[in-house]
Structure formats: structure tokens, C-alpha cells
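Data first, discussion second: the structure below is written as C-alpha cells.
All residue numbers in this chain count up from 1 along the given sequence. Reckoned from all heavy atoms, side chains included, excluding hydrogens, waters and symmetry mates. Both counts, for ligands and for their atoms, begin at 1 and track the order of listing. If you're wondering where the values come from, they're calculated on a predicted model, not measured in any experiment.
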Amino acid sequence: MKICVIGLGYVGLPTAAMFASNGHYVVGVDVCCRILDALGRGETFICEPGLGKVVRWAVSEGRLIAKNEPEPADAYIICVPTPISPDLSADLSYIERAVRSILPCVRKGNMVILESTSPPGTTRDLVCGLLRGSGLIPGDDFFVAYCPERVLPGRILSELVNNSRVIGGINKESAIRVRNLYSCFVRGEMYITDSATAEMCKLVENTYRDVNIALAAELAMVCEKLGINAWEVIRYANKHPRVNLHQPGPGVGGHCIAVDPWFIVQKQPETARMIKLARMINDAMPKYVLKRIKALMKGISGVRRVCVLGVTYKPDVDDIRESPVIRLVSMLRAEGGYSVITVDRHADYEGSKERDLYEAVKGCHLLLLAVNHREFERVDFVRIRERMAYPCVLDTRNYWRAEEVEAAGLVYHLLGWGKQTYEEGHDGGIPVPAVRGLGGPEER
Ligand code: SAJ
């Protein structure tokens, strides 16, 4: 078949490459000249294991070509972004533009597939509504389905093949045809349903994760007050066969989990209360970490120098979209009295890519582990201590071992751990737990 993939981003390009390397001819369409030029040369901007090789092969074999507008094909797959608008609703203008661009091309018997994350009803109402402009009837003359991607950045190619998929047709025939198309490379199960159900499934998968992370974040804050280590609590609670608590951190980033729950809230603002609250809790985490930093730096006079390790939205990727760490860095700077330096060999951000960790920590008062990139797992704490002006470490990912950090002469603090130091002599000799490393109530 000839397949037109519209939008060559994190989802569209790998999808185009998979179809092209599994027996189809693919026209990759994008409005960005940089992406088209690179693809024309068989190159890609997206840093994903294995992707470069597949793209190079598909382009060199003439199976994947780059164009700036769609051309007649058997199937059209829409993979454009659905960003969030300032009013927290989904901006569907890219989908609208993509559908309009294929109107002159759509013929009887074609398939139109939406992969972009969308509020329930988008395929049926917006996409089909616009497609009627072709003069043909969706569902009767051609087939339309919602078939969301579910791939994890960093593992996109293998998850494209192995993950199950939910395919929501505007009618059964549409769903079956689309399932048959994807079966050329998908090894996971493919479940057939209606389009609104599939749209909601996609949103709720990411919402589940967001709510779970918010629960972990709240637990971290509660544990800090109670002098308990939340990470230990989570580890042991997860030994229960029906518990799967996620992990706290400095916030939730990326273009999916930090965004998609709002598309449910948008549809039912009065009812989707927990979903909204979870979003707000996760969004407030950079501010919470800021408060901890302020408390830790209280005794330092003059400019407090903070070295931040990792700025991407999660480990071992180069993506800084919606990164909570970047929000934290901006907040620190807005406070005044802080100087912040970032180190991240993955990210194009303020020179952090080229910066050497041991140079960056020179004269710093706080070392903040913000993203647990693999290269931060083993660092030389003695070298770090020698260079720092004040020996303070805040680990927001439970990535380092307290004993190892402290053996180097640094003081280790962990997000979600209100350390207890028992001070004898108070309260009739009964040990009184005192939370170390945290500010007083006014700080929190
Ligand atoms: N995070 C935590 N604690 C955790 C797990 C994650 O704080 O326990 C944070 C990360 O640091 C990151 C954010 O959440 O800032 C999101 O990271 P992620 O790895 O959970 O997810 P994404 O956004 O990279 O990809 C998600 C995936 N969805 C699910 O796992 C349900 C992926 O499968 C989707 O395809 C993708 O969203 C998408 O495109 O929608």
C-alpha cells in the first residue's frame, strides 16, 4: 500500500519508518523544512535507539520519501501534535489543518487514521465532520479510525512492535481494516472498539500514571513531615501483590502525562475532580523542591550557588519539553540571590551539554540531582566535595546511596525523606524526632 504519514515527530517518523520497512511505500509529510531536508538525506533529528538505521534504510531503498504536502494514497495516518491551549483545553488546530490537507486526495476505499492524543469525540465529530468536505461519506465510502500510539520515548521502536493497541473505528469495518494494516509490524494484541472509547483509553492510561505519581508526591511530602522515608515505604508497599505505587520526583514533565489529563477535565470539569487535583499536585512539585532548597540554603550568606544535574523531562532522553526541572531553575532565578548552573549531556539547554560536572560544582553550595540519567549513577563524591563551597546534596530521585555520599563528607538530603535525629534529654528523656534538612513550618 501507499501510506501518507502526516507529521514526522516522535510518533510519526518512527511509525512511517516501520510501515516503510514492512512492505509499504510511505510518503512522510511535514511542514518543517529542516525535518524534510534531513529525511531526504536519510537522517533524523530524533534521538531514539535504532531509529536512524531504519530511516536510513527506508530512504535509501526509496520506500520512505519526504514531502511538504500529502499526495493520493491508500491510507492517511495523522500524527500531528495536540498541544494544550492557555485555557487548558486541547488545541486541535494541527489536526484540523492535517485533515483539510488530505481532503483533495481522499478516494473511495481509503483509510484515514488519527494517532494524535485527542479528547473523546474528536475522530467522530471533528475529523469525520471535516472529511465530509471531500464529498464522500466517512464509514460508507472510506474508513476512519482512531489508533493511538502508546510508545515510551527511549523505547519507541520496540514498543511500536510489541505493545498492544486499541483501535477505535467509526464503524466495525473501519476498525478491522486499520487493524489489518497495522498487523504488518505490530506483534502485540490489537483490540477493536469505537473511536471515543479508544480516545478515552489513551487519555486514561496517562492519567492513571499522573494520579499515581501525584499520590507518590503527596506521600513524599507527608513522610517528610513525619520523619519517614517515603521511598522505603513505597518499596515495601509495592511488595503487596495488588499495589504499584509510582515514584515521587521534582514534577511530571513531557508532552503527554503532564498534558493529557487536562483533556478529560476539559470535557467534564465538574466531575473529573481527582484528575484535576493530581495535575495540580504534580504541577506544584517544582515549587515544593524550591522550598526545600531555600530551607537548606538558609544559613548561606551572599549568592547561593546551585548545580543542577539533569534538565530533561526524564532520564536518558534529550527531550526538555514541559520539563519540571527547567521550571524549577527559572523559579530559583526569580527568587533572587541564587546562581544556577546546569549539567546535562543530553539537553540543548544553556550550554549544559558541554559542561563538565566537576567543573560545574566548583564553588557551589548545593548539588541537586534532578534527573537520574545513567551517567549520574556513578560519580566521584570525593572530587565533588573538594570543589564545593558548602557540602550539601539534595537527591530528588533516590538515586544515590546516602552512606556513599556522606562518606565523602557531603550532607545527603533526599526528597521524601524526613530524616529523624533523636535528641535525648527532651520530653522526659524520650527521644524526640527532629526533622533534619527541612525548613521550619514557615518555610513549607
Ligand atoms: N515520573 C515520575 N514518577 C514515576 C514515573 C514517571 O515522576 O514513577 C515522571 C517522569 O520523570 C517524567 C513524567 O513522569 O517527568 C513522564 O514520564 P513517563 O516515563 O511516565 O512517560 P512519558 O511521558 O515519557 O510517556 C508516556 C507513556 N505512558 C504511559 O506509560 C501510560 C507512554 O507509553 C505514552 O505513549 C506516552 O506517554 C504518550 O505519548 O502519550
Practice problem: Using a 4.0 Å heavy-atom cut-off, say whether Gln247 meets ligand 1 through its side chain, its backbone, both or neither. | Solution: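 Both parts.
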Mark up the atoms of ligand 1 that fall under 4.0 Å of a heavy atom belonging to [X], in ascending order.
X	result
Lys202	34 (C), 35 (O), 38 (C), 39 (O), 40 (O)
Ile213	1 (N), 2 (C), 3 (N), 4 (C), 5 (C), 6 (C), 7 (O), 14 (O)
Pro153	24 (O), 25 (O)
Glu205	31 (C)
Val151	32 (C), 33 (O), 34 (C), 35 (O), 36 (C)
Arg397	11 (O)

Quiz item: Looking only at protein heavy atoms, which one is nearest to atom 21 (O) of ligand 1, and how far off is it?
Solution: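 It is Ile257 CD1, 3.5 Å.
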Exercise. Would you mind checking which non-hydrogen protein atom is closest to atom 24 (O) of ligand 1, with the distance to 0.1 Å?
Key: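 So the nearest neighbour among protein heavy atoms is Tyr313 OH, 2.5 Å.
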Quiz prompt | Ring-face cation contact, Tyr338 with Arg333, 6.0 Å cut, 45° max | solution =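 No, cation not above the ring by the 6.0 Å, 45° rule.
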Considering both backbone and side-chain atoms of [X], is one of its nitrogen or oxygen atoms within less than 3.5 Å of a nitrogen or oxygen in ligand 1?
X	result
Val252	no
Asn206	yes
Arg150	yes

Quiz item: Would you call Thr117 a ligand 1 contact, heavy-atom distance under 4.0 Å?
Solution: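 False for this residue.
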Quiz item: Below 4.0 Å from any atom of ligand 1, is there a heavy atom belonging to Gly254?
Solution: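 So Gly254 does not count as touching ligand 1.
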Exercise. Tell me whether the centres of the aromatic rings in Tyr25 and Phe19 are closer together than 6.0 Å.
Key: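 No, the ring of Tyr25 stays outside the 6.0 Å limit from the ring of Phe19, centre to centre.
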